[in-house]
Amino acid sequence: MNPGRSAPAGEVEPGKLRPPAPASPAGPPSPAPAEVSSPTDAPPAPTEAERGDPRPPAPPVDLPSLAPTDAPPAPTDAERGDPRPPVPPVGPPPPAPAEASPPTEASPPTAAPPPPSELPDLPPPILALADAPPPPTEAPDLPPLPDLPPRDPTLTVGLEPSSVDHIGSGPPTYDAEPTALPPADPDDLDGLVADTVLDGARYGSCTLRAVSARGDSARYRGEPRRDSLLTARFGVGDQALLLVAMATGARATPGAHRAAAEACHWIGRAVGRSHARLAEDIRAARRGDLKSGLHRLTDRSLGKLRASAAEQGVEPEEYTATLRCLLLPADPECRTRVFFGVGAGGLFRLRDGAWQDIEPHVADATGEAVVGFGSLPSETPEGDRLTMDLGITTPPSPYEPSPRLSASLEQGGTPVEPPRDPFRFRASVAQPGDTLLLCSGGLAEPLRGEPRLAEHLTARWSNGGPPGLAAFLADTQVRVKGYADDRTAAAVWEA
């Protein structure tokens with residue numbers, strides 16, 4: 001180093017701003033130093049990777065070394081294009097001063113600034129390094145995504161399984177959806193019956209769901225639904241009484257659906273006219289009075305049905321129906337549920353996760369009160385009787401011989417009484433959490449014959465409260481192979 005040597009005239013004192021640059025010590029300035037007009041425009045020398053080395057870039061250099069005071073000399077055109085090591089300068093390097101002055105104190109350059117066209121030759125990667133740290137180059141160090149638990153878009157509830165289409169050894173023979181409509185008479189459109197009827201309500205401590213739907217066989221053959229359903233409320237407030245009536249017409253008869261609808265209408269009228277006294281007897285737990293009075297109402301309704309058959313000129317056996325009813329008081333303090341009717345079907349109760357078949361048998365339908373239900377005595381100690389008088393005249397027996405049988409009797413034939421179904425009655429006190437199910441034979445038979453259907457309904461109705469109308473319809477329409485009749489059901493959930 002020669003401290004007594006000064007910089008040539010007309011040049012910026014490079015020794016005060018950056019390390020020595022390769023330049024001739026005498027003569028006019030070379031083209032390379034002329035390109036750097038000021039210390040702030042001087043880019044650092046490119047690394048070997050930037051001059052064309054295909055290997056990965058070297059680790060970033062220390063940021064303080066890129067400050068304007070330590071900037072290396074700008075490379076020449078030959079150095080930027082030649083991958084070989086740079087050639088050492090011809091003359092001795094210029095002297096390095098003891099202290100570097102700030103860029104603002106540097107003397108203005110005398111040489112003309114480079115044209116703008118040469119500015120793109122500056123290597124932008126080195127400038128980016130001075131502004132921000134380089135991005136990470138090793139992404140595989142991130143934790144692998146497959147270790148995360150897979151997301152399932154389907155939400156399932158373990159306590160309430162989803163509805164199914166069928167249960168049993170295999171799918172039923174018929175289609176799951178309606179196929180053919182029944183024939184229609186343009187002059188008797190009131191006689192058309194819908195494929196499905198759905199209803200529901202909530203009064204007091206109970207929630208009601210009711211449905212009646214055509215069976216698979218009737219849907220396939222284009223026959224009308226033989227089952228009929230009636231839900232009605234008589235009265236207002238806590239004195240109101242709910243009636244659910246369902247009837248099933250005789251099989252293979254042309255007017256079966258009409259007979260079922262007429263039976264429901266007749267029993268509805270009879271109960272509606274006596275609803276105030278019936279509701280009072282239910283709240284007072286007068287089981288004996290209820291049984292005798294409802295028996296009288298049922299006989300009267302079936303008697304009118306047989307009278308209608310005589311008017312139409314058909315046999316009573318061809319124009320008849322089973323009849324099953326349920327009475328529910330709207331009073332939230334009364335949990336007595338009364339069932340009565342004539343004919344086949346089912347009465348079940350779901351309690352504590354198990355089904356109970358509480359259909360009253362013939363032995364239970366007659367005689368004294370069943371243990372556990374009871375009723376008030378027929379009279380008080382003072383001698384006052386507590387019988388119920390509904391003000392209904394007892395009609396003739398509904399099982400009188402038909403006109404055809406009467407004609408045979410006139411000719412000396414043997415009188416044959418038509419088969420008589422026993423009257424069934426049951427009054428029970430519901431408990432919170434119970435589910436009472438009243439149904440026609442189309443649902444009672446598969447419930448008794450296929451245990452998996454009972455298990456399915458247990459899982460569906462044991463948790464979560466009463467289902468909605470659509471869910472109740474889906475539950476009662478679960479098909480079982482070998483059972484294709486109409487299904488009518490009414491279920492009551494106790495809060």
Side-chain angles (χ1 to χ4, degrees), residues 203-206 230 232-245 263-264 266-304 323-343 347 349 358-398 420-431 436 438 490 492:
Y203 286 94
S205 60
C206 65
L230 173 67
R233 174 180 62 89
F234 304 105
V236 294
D238 294 344
Q239 307 301 320
L241 184 65
L242 307 182
L243 168 67
V244 180
C264 289
W266 281 117
I267 194 64
R269 292 176 184 176
V271 171
R273 292 168 181 170
S274 305
H275 75 275
R277 184 61 184 272
L278 289 173
E280 179 182 350
D281 289 335
I282 292 176
R283 289 192 297 269
R286 297 169 183 161
R287 182 184 181 277
D289 298 338
L290 285 170
K291 182 179 178 181
S292 59
L294 293 175
H295 193 175
R296 188 179 303 116
L297 295 181
T298 303
D299 285 348
R300 184 185 184 192
S301 300
L302 294 179
K304 289 192 173 288
L323 181 62
R324 306 175 67 81
C325 304
L326 191 64
L327 293 179
L328 307 171
D331 187 357
E333 301 299 329
C334 181
R335 288 184 176 269
T336 304
R337 312 297 179 234
V338 177
F339 157 76
F340 68 95
V342 172
L347 181 65
R349 179 173 58 200
I358 59 175
E359 173 77 10
H361 302 288
V362 176
D364 299 334
T366 59
E368 298 298 329
V370 179
V371 176
F373 300 101
S375 67
L376 295 178
S378 59
E379 61 182 25
T380 63
E382 291 77 16
D384 296 331
R385 300 187 61 83
L386 300 176
T387 56
M388 178 176 59
D389 183 10
L390 299 178
I392 300 175
T393 303
T394 302
S397 173
R420 178 177 179 178
D421 292 329
F423 175 77
R424 302 175 187 268
F425 175 88
R426 184 168 190 131
S428 60
V429 178
Q431 297 181 4
L436 185 65
L438 174 67
V492 181

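Of the possible polar contacts, one joining the Arg233 side chain to the Gly235 backbone as a donor-acceptor pair under 3.5 Å is found. Side chain of Ser274 to backbone of Val271: no donor-acceptor contact under 3.5 angstrom is found. Formation of a donor-acceptor pair under 3.5 Å by the Arg337 side chain with backbone atoms of Leu326 is not found in this model.
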Chi angles and distances behind the side-chain contact (heavy atoms from CB on, under 4.5 Å) call for Gln239, His275: CA-CA 9 Å; Gln239 307 301 320; His275 75 275; over 6 Å; no

Leu347/Leu436 under side-chain contact (heavy atoms from CB on, under 4.5 Å): CA gap, chis, key distance, verdict: CA-CA 8 Å; Leu347 181 65; Leu436 185 65; 3.9 Å; yes

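Between Ala490 and Val244, the shortest heavy-atom contact is CB-CG1, 3.6 Å. In terms of heavy-atom proximity, Arg424 sits nearest to His361 at NH1-CA, 3.9 Å. Leu230 and Cys264 get closest at one heavy-atom pair: CD2-O, 3.2 Å. The minimum heavy-atom distance linking Leu243 with Gly268 is given by the pair CD2-CA, 3.7 Å.
Within a 6.0 Å radius of CZ in Arg335, more than 12 heavy atoms belonging to other residues, nucleotides or ligands are found.
By the 30° and 60° cut-offs, the orientation of the rings of Phe423 relative to Phe340 is tilted.
One finds the CZ atom of Arg300 at 12.0 Å from the OG1 atom of Thr298 (value rounded to the nearest 0.5 Å). Remark: Arg283 CZ to Leu278 CG distance equals 10.5 Å, nearest 0.5 Å. With values rounded to the nearest 0.5 angstrom, Arg349 atom CZ is found 6.5 Å from Arg426 atom CZ. One distance of note links OG1 of Thr336 with CZ of Arg287; it measures 11.5 Å at 0.5 Å rounding. The line from CG of Leu297 to CG of Leu323 is 10.5 Å long, rounded to the nearest 0.5 Å. Remark: Leu328 CG to Tyr203 OH distance equals 11.5 Å, nearest 0.5 Å.
Leu242 has its side chain out of reach of Leu327: every pair of non-hydrogen atoms, C-beta onward, lies at least 4.5 Å apart.
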